[in-house]
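The block underneath contains the structure these notes are about, expressed in C-alpha coordinates.
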Amino acid sequence: MLRLAMALGVGGLMAIGSAAAQTYPSKPVTVIVPFAAGGPTDVAARIYGEFFSRTLGQQFVVENAAGAGGTSGAMKAARAAPDGYAVFVHNVAPLVAGPALYASAQYDPLKAFEPIGTLAFAAHYVVLRKDFQAKDLKELIAYAKANPGKINYGSAGAGSATHLACVLFGQQAGVDIRHVPYRGTGPALNDLVSGTLDMMCDQGLNMMGQVPTGNVRPIAIAQATRYAKLPDVPTSAEAGLPGFEVSAATAFYVPAGTPAAVKAKLVETMAAAYKDPLTRKRIEDLASEVPAAGQDTPEALGKFTASEMARWTEAIKAGGIKAQ
Ligand code: MLT
(Lines give C-alpha, C1' and ligand atoms only; values in the text may rest on other atoms or scores of the structure.)
Protein backbone atom coordinates (compact mmCIF):
# COMPACT_ATOMS: atom_id res chain seq x y z
CA MET A 1 0.00 0.00 0.00
CA LEU A 2 2.89 2.33 0.87
CA ARG A 3 4.57 1.58 -2.46
CA LEU A 4 1.27 2.08 -4.30
CA ALA A 5 0.74 5.43 -2.57
CA MET A 6 4.20 6.61 -3.56
CA ALA A 7 3.76 5.54 -7.15
CA LEU A 8 0.37 7.21 -7.55
CA GLY A 9 0.86 10.24 -5.36
CA VAL A 10 -1.90 11.66 -3.17
CA GLY A 11 -3.87 13.06 -6.11
CA GLY A 12 -3.99 9.64 -7.74
CA LEU A 13 -5.29 8.02 -4.56
CA MET A 14 -8.00 10.65 -4.16
CA ALA A 15 -9.11 10.03 -7.74
CA ILE A 16 -9.43 6.31 -6.99
CA GLY A 17 -11.35 7.15 -3.78
CA SER A 18 -13.86 9.36 -5.52
CA ALA A 19 -14.30 6.93 -8.44
CA ALA A 20 -15.05 4.16 -5.92
CA ALA A 21 -17.52 6.47 -4.17
CA GLN A 22 -19.36 7.15 -7.43
CA THR A 23 -20.10 3.46 -7.89
CA TYR A 24 -20.59 2.79 -4.17
CA PRO A 25 -22.01 0.42 -3.19
CA SER A 26 -21.07 -2.07 -5.89
CA LYS A 27 -21.42 -5.14 -3.64
CA PRO A 28 -23.30 -6.07 -0.44
CA VAL A 29 -22.53 -4.05 2.69
CA THR A 30 -22.11 -5.74 6.07
CA VAL A 31 -23.90 -4.09 8.98
CA ILE A 32 -22.09 -5.19 12.14
CA VAL A 33 -24.51 -5.48 15.09
CA PRO A 34 -22.67 -6.06 18.38
CA PHE A 35 -25.61 -7.80 20.10
CA ALA A 36 -27.75 -10.89 19.53
CA ALA A 37 -30.51 -10.99 16.92
CA GLY A 38 -33.98 -9.88 17.98
CA GLY A 39 -32.85 -7.05 20.28
CA PRO A 40 -33.28 -3.33 19.68
CA THR A 41 -29.91 -2.69 18.01
CA ASP A 42 -30.56 -5.59 15.65
CA VAL A 43 -34.15 -4.57 14.95
CA ALA A 44 -33.26 -0.92 14.24
CA ALA A 45 -30.37 -2.03 12.00
CA ARG A 46 -32.68 -4.27 10.00
CA ILE A 47 -35.36 -1.59 9.60
CA TYR A 48 -32.84 0.94 8.24
CA GLY A 49 -30.89 -1.78 6.42
CA GLU A 50 -33.99 -2.56 4.37
CA PHE A 51 -34.33 1.10 3.39
CA PHE A 52 -30.63 1.36 2.49
CA SER A 53 -30.82 -1.85 0.41
CA ARG A 54 -33.90 -0.59 -1.43
CA THR A 55 -32.43 2.87 -2.04
CA LEU A 56 -28.83 2.00 -2.89
CA GLY A 57 -29.54 -1.19 -4.87
CA GLN A 58 -27.22 -3.44 -2.83
CA GLN A 59 -28.07 -5.60 0.17
CA PHE A 60 -27.18 -4.24 3.62
CA VAL A 61 -26.70 -7.54 5.42
CA VAL A 62 -26.77 -7.72 9.23
CA GLU A 63 -24.02 -9.69 10.93
CA ASN A 64 -24.48 -10.27 14.67
CA ALA A 65 -21.12 -10.17 16.45
CA ALA A 66 -22.29 -10.36 20.08
CA GLY A 67 -20.29 -10.62 23.29
CA ALA A 68 -18.69 -8.64 26.12
CA GLY A 69 -21.43 -5.98 26.34
CA GLY A 70 -21.09 -5.07 22.66
CA THR A 71 -17.31 -4.62 22.73
CA SER A 72 -16.56 -7.77 20.66
CA GLY A 73 -18.56 -6.36 17.76
CA ALA A 74 -17.03 -2.92 18.25
CA MET A 75 -13.53 -4.44 18.03
CA LYS A 76 -14.54 -6.18 14.83
CA ALA A 77 -15.89 -2.95 13.35
CA ALA A 78 -12.83 -0.96 14.45
CA ARG A 79 -10.61 -3.42 12.57
CA ALA A 80 -12.78 -3.55 9.42
CA ALA A 81 -11.46 -2.01 6.19
CA PRO A 82 -12.62 1.63 6.01
CA ASP A 83 -14.11 1.29 2.54
CA GLY A 84 -17.85 1.65 3.23
CA TYR A 85 -18.50 -2.09 3.07
CA ALA A 86 -18.58 -2.36 6.87
CA VAL A 87 -21.13 -0.19 8.61
CA PHE A 88 -21.34 -0.40 12.38
CA VAL A 89 -24.50 0.05 14.41
CA HIS A 90 -24.34 0.54 18.14
CA ASN A 91 -26.26 1.85 21.04
CA VAL A 92 -24.34 4.98 22.06
CA ALA A 93 -24.12 4.24 25.83
CA PRO A 94 -22.44 0.81 25.55
CA LEU A 95 -20.29 2.04 22.65
CA VAL A 96 -18.70 4.65 24.87
CA ALA A 97 -18.88 2.67 28.14
CA GLY A 98 -17.20 -0.47 26.77
CA PRO A 99 -13.56 0.66 26.88
CA ALA A 100 -14.02 1.94 30.45
CA LEU A 101 -15.11 -1.56 31.51
CA TYR A 102 -13.26 -4.11 29.40
CA ALA A 103 -9.46 -4.33 29.17
CA SER A 104 -9.97 -6.25 25.90
CA ALA A 105 -11.81 -3.28 24.32
CA GLN A 106 -8.77 -1.76 22.62
CA TYR A 107 -10.41 1.11 20.77
CA ASP A 108 -11.21 4.74 21.38
CA PRO A 109 -14.86 5.15 20.35
CA LEU A 110 -14.27 8.77 19.35
CA LYS A 111 -11.29 7.94 17.14
CA ALA A 112 -12.06 4.48 15.80
CA PHE A 113 -15.46 5.42 14.32
CA GLU A 114 -16.99 8.29 12.41
CA PRO A 115 -20.68 9.13 12.88
CA ILE A 116 -23.25 8.70 10.10
CA GLY A 117 -26.55 9.18 11.91
CA THR A 118 -28.84 8.15 14.75
CA LEU A 119 -31.42 5.50 13.88
CA ALA A 120 -33.69 5.82 16.90
CA PHE A 121 -34.06 7.28 20.35
CA ALA A 122 -35.96 5.07 22.78
CA ALA A 123 -36.84 5.64 26.42
CA HIS A 124 -36.11 2.91 28.91
CA TYR A 125 -38.88 1.34 31.01
CA VAL A 126 -38.88 -0.55 34.27
CA VAL A 127 -40.63 -3.70 33.11
CA LEU A 128 -41.59 -6.75 35.15
CA ARG A 129 -42.46 -10.35 34.40
CA LYS A 130 -46.22 -10.53 34.15
CA ASP A 131 -46.81 -12.29 37.48
CA PHE A 132 -44.29 -10.43 39.61
CA GLN A 133 -45.93 -9.58 42.95
CA ALA A 134 -45.30 -5.79 42.92
CA LYS A 135 -48.10 -3.91 41.19
CA ASP A 136 -46.21 -0.63 40.77
CA LEU A 137 -42.80 1.00 41.19
CA LYS A 138 -43.28 1.86 44.87
CA GLU A 139 -44.14 -1.76 45.67
CA LEU A 140 -41.19 -2.97 43.59
CA ILE A 141 -38.80 -0.73 45.52
CA ALA A 142 -40.31 -1.75 48.87
CA TYR A 143 -39.99 -5.43 47.93
CA ALA A 144 -36.38 -4.94 46.77
CA LYS A 145 -35.49 -3.17 50.04
CA ALA A 146 -36.99 -6.00 52.05
CA ASN A 147 -35.26 -8.65 49.91
CA PRO A 148 -31.76 -7.43 48.97
CA GLY A 149 -30.17 -9.32 46.07
CA LYS A 150 -33.32 -11.36 45.47
CA ILE A 151 -34.74 -9.62 42.38
CA ASN A 152 -32.85 -10.51 39.24
CA TYR A 153 -32.73 -8.36 36.12
CA GLY A 154 -31.52 -9.18 32.63
CA SER A 155 -29.37 -7.03 30.38
CA ALA A 156 -27.36 -7.23 27.17
CA GLY A 157 -24.14 -7.61 29.15
CA ALA A 158 -22.03 -5.48 31.48
CA GLY A 159 -21.88 -1.95 30.11
CA SER A 160 -24.91 -2.38 27.85
CA ALA A 161 -27.59 0.30 28.04
CA THR A 162 -30.00 -2.11 29.74
CA HIS A 163 -27.33 -2.81 32.37
CA LEU A 164 -26.39 0.84 32.94
CA ALA A 165 -30.05 1.84 33.20
CA CYS A 166 -30.69 -0.76 35.94
CA VAL A 167 -27.49 0.26 37.75
CA LEU A 168 -28.85 3.82 37.84
CA PHE A 169 -32.21 2.50 38.99
CA GLY A 170 -30.56 0.57 41.82
CA GLN A 171 -28.48 3.58 42.88
CA GLN A 172 -31.36 6.03 42.79
CA ALA A 173 -33.88 3.72 44.47
CA GLY A 174 -31.28 2.57 47.02
CA VAL A 175 -31.83 -1.12 46.28
CA ASP A 176 -29.61 -4.10 45.61
CA ILE A 177 -30.81 -6.08 42.57
CA ARG A 178 -28.96 -8.94 40.88
CA HIS A 179 -27.56 -8.59 37.35
CA VAL A 180 -27.90 -11.46 34.84
CA PRO A 181 -25.99 -10.61 31.63
CA TYR A 182 -27.01 -11.93 28.19
CA ARG A 183 -25.56 -11.48 24.69
CA GLY A 184 -28.36 -9.13 23.78
CA THR A 185 -31.60 -7.72 25.09
CA GLY A 186 -33.62 -9.95 22.72
CA PRO A 187 -32.68 -13.20 24.55
CA ALA A 188 -33.05 -11.45 27.93
CA LEU A 189 -36.59 -10.38 27.03
CA ASN A 190 -37.44 -14.00 26.14
CA ASP A 191 -36.45 -14.97 29.69
CA LEU A 192 -38.55 -12.15 31.16
CA VAL A 193 -41.51 -13.45 29.17
CA SER A 194 -40.89 -17.02 30.35
CA GLY A 195 -40.56 -15.80 33.95
CA THR A 196 -36.89 -16.73 34.53
CA LEU A 197 -36.09 -13.05 35.06
CA ASP A 198 -38.00 -10.71 37.37
CA MET A 199 -37.34 -7.39 35.70
CA MET A 200 -35.47 -5.39 33.08
CA CYS A 201 -34.74 -1.72 32.47
CA ASP A 202 -35.54 -2.25 28.85
CA GLN A 203 -35.84 0.03 25.86
CA GLY A 204 -39.26 0.58 24.37
CA LEU A 205 -37.77 -0.55 21.06
CA ASN A 206 -37.28 -4.02 22.51
CA MET A 207 -40.17 -4.46 24.89
CA MET A 208 -43.02 -2.85 22.96
CA GLY A 209 -43.88 -5.92 20.89
CA GLN A 210 -44.60 -7.94 24.08
CA VAL A 211 -46.70 -5.33 25.87
CA PRO A 212 -50.06 -5.75 24.08
CA THR A 213 -50.02 -9.51 24.76
CA GLY A 214 -49.56 -8.87 28.50
CA ASN A 215 -46.41 -11.02 28.49
CA VAL A 216 -44.46 -8.28 30.30
CA ARG A 217 -45.60 -5.40 32.48
CA PRO A 218 -44.02 -1.92 32.12
CA ILE A 219 -44.52 -0.02 35.40
CA ALA A 220 -42.64 3.22 34.70
CA ILE A 221 -41.12 5.07 31.78
CA ALA A 222 -37.72 6.60 32.60
CA GLN A 223 -38.43 10.03 31.16
CA ALA A 224 -40.31 13.18 32.09
CA THR A 225 -43.36 12.55 29.87
CA ARG A 226 -45.66 9.59 29.31
CA TYR A 227 -45.59 7.82 25.96
CA ALA A 228 -48.80 8.39 23.99
CA LYS A 229 -49.23 4.76 22.98
CA LEU A 230 -48.82 3.55 26.59
CA PRO A 231 -50.85 6.22 28.36
CA ASP A 232 -51.33 4.16 31.54
CA VAL A 233 -47.60 3.78 32.20
CA PRO A 234 -46.55 6.56 34.62
CA THR A 235 -43.33 8.54 34.36
CA SER A 236 -40.62 7.67 36.86
CA ALA A 237 -41.41 10.88 38.78
CA GLU A 238 -45.13 10.05 38.92
CA ALA A 239 -44.30 6.52 40.01
CA GLY A 240 -42.12 7.74 42.90
CA LEU A 241 -38.56 7.89 41.51
CA PRO A 242 -38.01 11.42 40.18
CA GLY A 243 -34.76 11.91 38.29
CA PHE A 244 -34.61 8.33 37.02
CA GLU A 245 -34.44 9.28 33.34
CA VAL A 246 -32.52 7.35 30.73
CA SER A 247 -32.96 6.88 27.02
CA ALA A 248 -31.13 4.85 24.42
CA ALA A 249 -29.81 6.07 21.09
CA THR A 250 -28.96 3.59 18.37
CA ALA A 251 -26.70 4.89 15.61
CA PHE A 252 -24.75 4.11 12.45
CA TYR A 253 -20.98 4.68 12.36
CA VAL A 254 -18.25 3.71 9.90
CA PRO A 255 -14.63 2.83 10.64
CA ALA A 256 -12.42 5.94 10.74
CA GLY A 257 -10.80 6.67 7.40
CA THR A 258 -13.83 5.75 5.26
CA PRO A 259 -13.71 7.97 2.13
CA ALA A 260 -15.61 11.25 2.51
CA ALA A 261 -17.70 10.64 -0.61
CA VAL A 262 -18.82 7.23 0.68
CA LYS A 263 -19.78 8.77 4.02
CA ALA A 264 -21.68 11.51 2.19
CA LYS A 265 -23.70 8.87 0.32
CA LEU A 266 -24.54 7.08 3.56
CA VAL A 267 -25.49 10.37 5.27
CA GLU A 268 -27.70 11.34 2.31
CA THR A 269 -29.42 7.95 2.43
CA MET A 270 -29.93 8.33 6.18
CA ALA A 271 -31.61 11.71 5.60
CA ALA A 272 -33.93 10.06 3.06
CA ALA A 273 -34.70 7.26 5.55
CA TYR A 274 -35.83 9.84 8.13
CA LYS A 275 -38.40 11.07 5.61
CA ASP A 276 -39.52 7.61 4.50
CA PRO A 277 -43.03 7.01 5.96
CA LEU A 278 -42.56 3.24 6.26
CA THR A 279 -39.21 3.49 8.07
CA ARG A 280 -40.60 6.16 10.42
CA LYS A 281 -43.71 4.12 11.17
CA ARG A 282 -41.75 0.96 11.89
CA ILE A 283 -39.53 2.85 14.38
CA GLU A 284 -42.42 4.78 15.94
CA ASP A 285 -44.50 1.62 16.36
CA LEU A 286 -41.71 0.36 18.62
CA ALA A 287 -42.06 3.21 21.14
CA SER A 288 -39.10 5.02 19.59
CA GLU A 289 -38.45 8.15 17.59
CA VAL A 290 -36.39 9.01 14.56
CA PRO A 291 -34.17 12.04 15.31
CA ALA A 292 -35.88 15.42 15.25
CA ALA A 293 -34.45 18.43 13.39
CA GLY A 294 -31.13 19.35 14.96
CA GLN A 295 -30.42 15.75 16.03
CA ASP A 296 -30.49 14.39 12.49
CA THR A 297 -26.93 15.06 11.33
CA PRO A 298 -23.60 13.25 11.72
CA GLU A 299 -22.28 16.31 13.55
CA ALA A 300 -25.08 16.08 16.13
CA LEU A 301 -24.37 12.37 16.59
CA GLY A 302 -20.65 13.09 16.97
CA LYS A 303 -21.31 15.67 19.69
CA PHE A 304 -23.78 13.40 21.45
CA THR A 305 -21.30 10.48 21.35
CA ALA A 306 -18.61 12.67 22.94
CA SER A 307 -20.91 13.97 25.68
CA GLU A 308 -22.18 10.45 26.44
CA MET A 309 -18.57 9.26 26.63
CA ALA A 310 -17.85 11.80 29.39
CA ARG A 311 -21.09 11.01 31.21
CA TRP A 312 -20.83 7.21 31.24
CA THR A 313 -17.10 7.05 31.92
CA GLU A 314 -17.75 9.18 35.00
CA ALA A 315 -20.82 7.14 36.05
CA ILE A 316 -18.85 3.89 35.73
CA LYS A 317 -16.05 5.22 37.92
CA ALA A 318 -18.40 6.77 40.46
CA GLY A 319 -20.56 3.65 40.67
CA GLY A 320 -17.60 1.23 40.79
CA ILE A 321 -19.27 -0.68 37.94
CA LYS A 322 -17.31 -3.75 36.81
CA ALA A 323 -17.58 -6.06 33.83
CA GLN A 324 -18.79 -9.28 35.47
C1 MLT B 1 -28.29 -2.53 25.10
O2 MLT B 1 -28.89 -2.95 26.09
O3 MLT B 1 -27.32 -1.79 25.18
C4 MLT B 1 -28.71 -2.93 23.70
O5 MLT B 1 -29.78 -2.24 23.32
C6 MLT B 1 -28.77 -4.38 23.57
C7 MLT B 1 -29.33 -4.97 22.33
O8 MLT B 1 -29.49 -4.31 21.30
O9 MLT B 1 -29.62 -6.17 22.38
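Below, each value reflects all heavy atoms present in this structure, side chains not excepted, and no hydrogens, waters or symmetry copies. Every number for a ligand or one of its atoms is a count from 1 in the order of the listing. None of these values were measured; they are calculated from a predicted model.
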Numbered atoms of ligand 1 (with element) below 4.0 Å of P40, judged on heavy atoms: 5 (O), 7 (C), 8 (O), 9 (O)

Sole candidate of R54, R282, K281 that passes side-chain hydrogen bond (donor to acceptor under 3.5 Å, both in side chains) when paired with D276: R54

Heavy-atom nearest neighbour in the protein, as seen from atom 5 (O) of ligand 1, with distance rounded to 0.1 Å: Q203 NE2, 2.8 Å

P94 touching ligand 1 at heavy-atom level, < 4.0 angstrom: yes

Test side-chain hydrogen bond (donor to acceptor under 3.5 Å, both in side chains) applied to Y182 - qualifying residues, sequence neighbours left out: D191

Spacing of D296 atom CG and Y274 atom OH [to the nearest 0.5 Å]: 6.5 Å

Test item, A248 contacting ligand 1 (heavy atom, 4.0 angstrom): no

Numbered atoms and elements of ligand 1 in range of A156, under 4.0 angstrom, heavy atoms: 1 (C), 2 (O), 6 (C)

Enumerated ligand 1 atoms positioned under 4.0 Å from heavy atoms of S160: 1 (C), 2 (O), 3 (O)

Distance from atom 1 (C) of ligand 1 to nearest protein heavy atom, with residue and atom: A161 N, 3.4 Å

R217 side-chain N/O to F132 backbone N/O, donor-acceptor pair under 3.5 Å: yes

Atom 2 (O) of ligand 1: nearest protein contact (heavy atom, Å): T162 OG1, 2.6 Å

Residues K76, E63: salt bridge by 4.0 Å N-O rule: yes

For residues 109-123, which side-chain donor-acceptor pairs fall under 3.5 Å, sequence neighbours excluded?
residue: E114; atom: OE1; partner: K263; partner atom: NZ; Å: 2.6
residue: E114; atom: OE2; partner: G257; partner atom: N; Å: 3.2

For G184, the ligand 1 atoms whose distance to one of its heavy atoms is below 4.0 Å: 9 (O)

Donor-acceptor under 3.5 Å (D198 side chain, N152 main chain): yes

Protein residue, atom and distance nearest to atom 8 (O) of ligand 1, heavy-atom basis: T41 OG1, 2.4 Å

Which residue and heavy atom of the protein sit nearest atom 7 (C) of ligand 1, plus the separation: T185 OG1, 3.3 Å

Sidechain-backbone polar pair: Q223 side chain, T225 backbone, donor-acceptor under 3.5 Å: yes

